Amino acid sequence: MMDIVTTARHAGAFSWAEGQLFTTLGTWLHKLSDPMIIEYLGERCTRHGERAEAWAARVASIPIIDTARTIAPGAPINSDAFTSLASADGDDVRHRDWYDAVAAQLHDIYAQHRADIDPLVDGPTARLLDRILADH
């Protein structure tokens, strides 16, 4: 079972990752030309923005946690994939494929985190993860 500080750090890392995906996809949408890929990534961009906000809301508001500093890359998120994705270059299909690979990694991290969460102890986080995993 995770303590409140560890839980807040995970939520902050997840908010950061989702925010990175939101920003990256939003930038790409102005560069891509394939309407199907634009629709596909545009819909996911919106989801990531919503998830970033949901995770930020899960960062505990207690005096020992600096919320602004908590929403940052950190365990269990490896920031390399997200920063590499932001600088990716290529055609529309390659952009979609790179996004799909990073999104799959994040999904796997969420699935592992969900396995570690006891819904009786942290029901809100368990429900958020259940919604995210069902949306994949």
Side-chain angles (χ1 to χ4, degrees):
M1 181 173 6
M2 285 183 262
D3 61 59
I4 194 165
V5 173
T6 303
T7 300
R9 286 187 182 137
H10 280 118
F14 295 152
S15 180
W16 177 87
E18 294 286 359
Q20 289 295 117
L21 291 175
F22 173 75
T23 301
T24 297
L25 295 182
T27 300
W28 287 1
L29 292 174
H30 298 286
K31 298 177 182 178
L32 303 177
S33 59
D34 183 315
M36 292 181 71
I37 292 176
I38 291 170
E39 180 180 353
Y40 174 81
L41 294 178
E43 190 274 329
R44 278 147 186 82
C45 180
T46 300
R47 283 188 203 174
H48 292 300
E50 292 168 349
R51 291 176 187 169
E53 290 177 358
W55 281 117
R58 295 292 317 130
V59 174
S61 295
I62 58 175
I64 63 170
I65 296 175
D66 180 347
T67 303
R69 288 184 181 203
T70 301
I71 298 176
I77 298 295
N78 179 340
S79 65
D80 294 346
F82 295 89
T83 53
S84 293
L85 187 66
S87 63
D89 197 17
D91 65 17
D92 291 11
V93 172
R94 287 190 64 173
H95 278 85
R96 182 201 59 212
D97 292 347
W98 287 323
Y99 161 76
D100 286 344
V102 173
Q105 290 175 13
L106 186 57
H107 181 271
D108 292 346
I109 292 168
Y110 284 155
Q112 180 58 56
H113 191 58
R114 178 59 183 94
D116 295 339
I117 294 290
D118 182 345
L120 297 176
V121 175
D122 191 355
T125 298
R127 287 189 297 277
L128 176 56
L129 286 163
D130 288 344
R131 284 193 309 273
I132 291 170
L133 293 169
D135 198 24
H136 182 68

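Since the model is a prediction, treat every value here as computed from it, not as a measurement. Each residue takes its place number in the sequence, starting with 1.
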Testing the basics here: between His30 and Gly26, what is the closest heavy-atom pair and its distance to 0.1 Å?
CD2-O, 3.0 Å
Could you list all the salt bridge (Lys or Arg N to Asp or Glu O under 4.0 Å) pairs where at least one residue sits in residues 125-134, not counting sequence neighbours?
Arg114-Asp130
Return the CD1 to CD distance between Ile132 and Glu50, rounded to the nearest 0.5 Å.
10.5 Å
Which salt bridge (Lys or Arg N to Asp or Glu O under 4.0 Å) pairs, counting each pair once, include a residue from residues 20-48, with sequence neighbours left out?
Glu43-Arg47, Arg47-Asp135
Heavy-atom pair with the smallest gap, counting every atom of Leu133 and Ala111
CD2-N, 3.8 Å
Could you tell me the separation between the CG atom of Leu29 and the NE2 atom of His95, rounded to the nearest 0.5 Å?
10.5 Å
Between Leu120 and Leu128, is there shared hydrophobic-cluster membership here, with clusters defined by ILVMFWY side-chain heavy atoms closer than 4.5 Å?
no
Any side-chain heavy atom of Leu21 within less than 4.5 Å of one from Leu106?
yes
Rounded to the nearest 0.5 Å, what's the gap from CD on Gln112 to CD1 on Ile117? Could you check?
10.5 Å
Under a 4.5 Å cut-off applied to non-hydrogen side-chain atoms, are Arg96 and Asp92 in contact?
no
If I take atom CG from residue Leu25 and atom CG from residue Leu85, how far apart are they, to the nearest 0.5 angstrom?
7.0 Å
Identify, with sequence neighbours excluded, every residue that meets side chain to side chain donor-acceptor pair (under 3.5 Å) alongside Arg58.
Asp122, Thr125
Value for CD (Glu53) from OG (Ser15), rounded to nearest 0.5 Å, stands at 8.5 Å
Do Met36 and Val93 land in one hydrophobic cluster if side-chain heavy atoms of ILVMFWY residues count as linked below 4.5 Å?
no
Does Ile109 offer a backbone N or O that forms a donor-acceptor pair with the side chain of His113 under 3.5 Å?
no
In short, Pro76 meets His10 closest at the heavy-atom pair CD-CD2, 2.6 Å
Apply ring-ring contact (aromatic ring centres under 6.0 Å, His included) to Phe82 and list each qualifying residue two or more places apart in sequence or on a separate chain.
Trp16
Could you pull out all residues at least two apart from Phe22 that satisfy ring-ring contact (aromatic ring centres under 6.0 Å, His included)?
none
For residues 99-110, pull every pair meeting side chain to side chain donor-acceptor pair (under 3.5 Å), keeping only residues two or more places apart or in separate chains.
Glu18-Tyr110, Tyr40-Asp100, His48-Tyr99, Trp55-Tyr110
Contact summary for Ile65 and Ala8, nearest pair of heavy atoms:
CD1-CB, 3.4 Å
